[in-house]
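Reviewing the structure listed below.
Whatever order the structure lists them in is the order used to number ligands and atoms, beginning at 1.
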Amino acid sequence: MQFNMEDIVDSMEGITYLTDTGGMIFAIGRRHWNRFAADNDGLGLVDGSGVLGHSLFDFISGDDVRDRYRHFLSAIISHRVGRARLLSRCDSPAVERELMITVTPIYAGDTIEGVLWQSLTIGETIRPRLDLFDFAQQRRLAADGLKSWPILGMCSYCQDVRFPAGSCDADGAWISAEDYYHRGGDSRVRISHGLCPDCFEDADAALCA
Ligand SMILES: [Zn+2]
């Protein structure tokens, strides 16, 4: 029996894809990917159209977050570490969702020929709806009127937000989205992804031997 790379990533749990050592996506696990695309108003991306052949980094929002993923990739392809593994959140409006993301090199002999990226959902908690996590609506509104709304920084890892909306780098307090609403925060904001100081702190914490 013969398998190819696509069959293997297609069979894996979670959102799974393969990149080359420069971050170009060349295979995705279609079964889980298509459900993810449908749930996230990204139907244009079914079967990886618009994704295959593109750089992973084109799809990561926030300079800090993109730099962090580049750091993982370069640590792996330089053989400095065996893999990277981090906990992250990927909430939708009514679901708090915890992910385990692993980044693993694929060897052919002694050479790293590609990198496997896998995001597994390890916990989901249903909660009252929080509009801040309706990113599809954010994109729809971006066309009209949204430009005048203040920017709200959101941490890509823990999904805390910087209160109040419109705070600049040095000021504002990082709090949970629930606390944001308790403190009178409004949904009419533009989300800007980055990393909060706690999650920014140790770039090497996710790297494993
Ligand atoms: Zn954070």
Side-chain angles (χ1 to χ4, degrees), residues 14-17 23 36 39-40 42 56-76 80-81 83-104 115 117-139 142 146 149-208:
I15 301 295
T16 308
Y17 49 92
F36 169 78
D39 287 351
N40 289 279
L56 157 69
F57 303 109
D58 292 347
F59 303 101
I60 298 175
S61 7
D63 293 346
D64 288 348
V65 190
R66 216 164 20 245
D67 286 352
R68 187 58 55 89
Y69 279 81
R70 283 191 194 284
H71 179 71
F72 296 153
L73 186 59
S74 79
I76 286 168
R80 192 153 65 79
V81 296
R83 75 179 77 83
R85 184 168 52 212
L86 71 143
L87 293 173
S88 186
R89 287 263 298 272
C90 183
D91 290 16
S92 48
V95 184
E96 184 181 308
R97 186 177 295 111
E98 262 188 283
L99 297 183
M100 164 85 79
I101 301 172
T102 52
V103 191
T104 312
V115 180
W117 305 74
Q118 184 180 30
S119 299
L120 288 177
T121 300
I122 56 171
E124 283 189 326
T125 310
I126 305 293
R127 64 168 176 214
R129 186 185 162 84
L130 298 177
D131 283 336
L132 280 185
F133 296 98
D134 192 343
F135 301 115
Q137 176 169 300
Q138 280 252 331
R139 283 195 295 275
L146 194 60
W149 295 356
I151 288 178
L152 181 70
M154 178 180 283
C155 178
S156 280
Y157 283 8
C158 68
Q159 306 226 294
D160 280 2
V161 294
R162 182 158 41 200
F163 183 84
S167 307
C168 296
D169 277 355
D171 53 45
W174 287 90
I175 58 176
S176 69
E178 282 83 357
D179 282 348
Y180 174 79
Y181 284 110
H182 287 152
R183 290 165 76 161
D186 197 285
S187 300
R188 285 167 296 178
V189 290
R190 286 177 288 162
I191 301 288
S192 167
H193 283 101
L195 295 175
C196 76
D198 283 350
C199 293
F200 185 80
E201 204 165 61
D202 187 1
D204 288 337
L207 303 177
C208 315

Test side chain to side chain contact (heavy atoms under 4.5 Å, CB included) on Asp160 and Met154 and set out the steps.
CA-CA 6 Å; Asp160 280 2; Met154 178 180 283; over 6 Å; no
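- Of all protein N/O/S atoms, those lying under 2.8 Å from the Zn ion (ligand 1) come to 4.
- What you find for Asp186 and Leu132 is that their closest heavy atoms are O-CD2, 4.3 Å.
- Atom CZ of Phe57 has more than 12 neighbouring heavy atoms from other residues, nucleotides or ligands inside a 6.0 Å radius.
- Across all their heavy atoms, Ala177 and Val161 have their closest contact at CA-CG2, 4.4 Å.
- Between Gly153 and Trp174, the closest heavy-atom pair is O-CZ3, 3.8 Å.
- Using cut-offs of 30° and 60° on the angle between ring planes, the pair Tyr17 and Trp117 is parallel.
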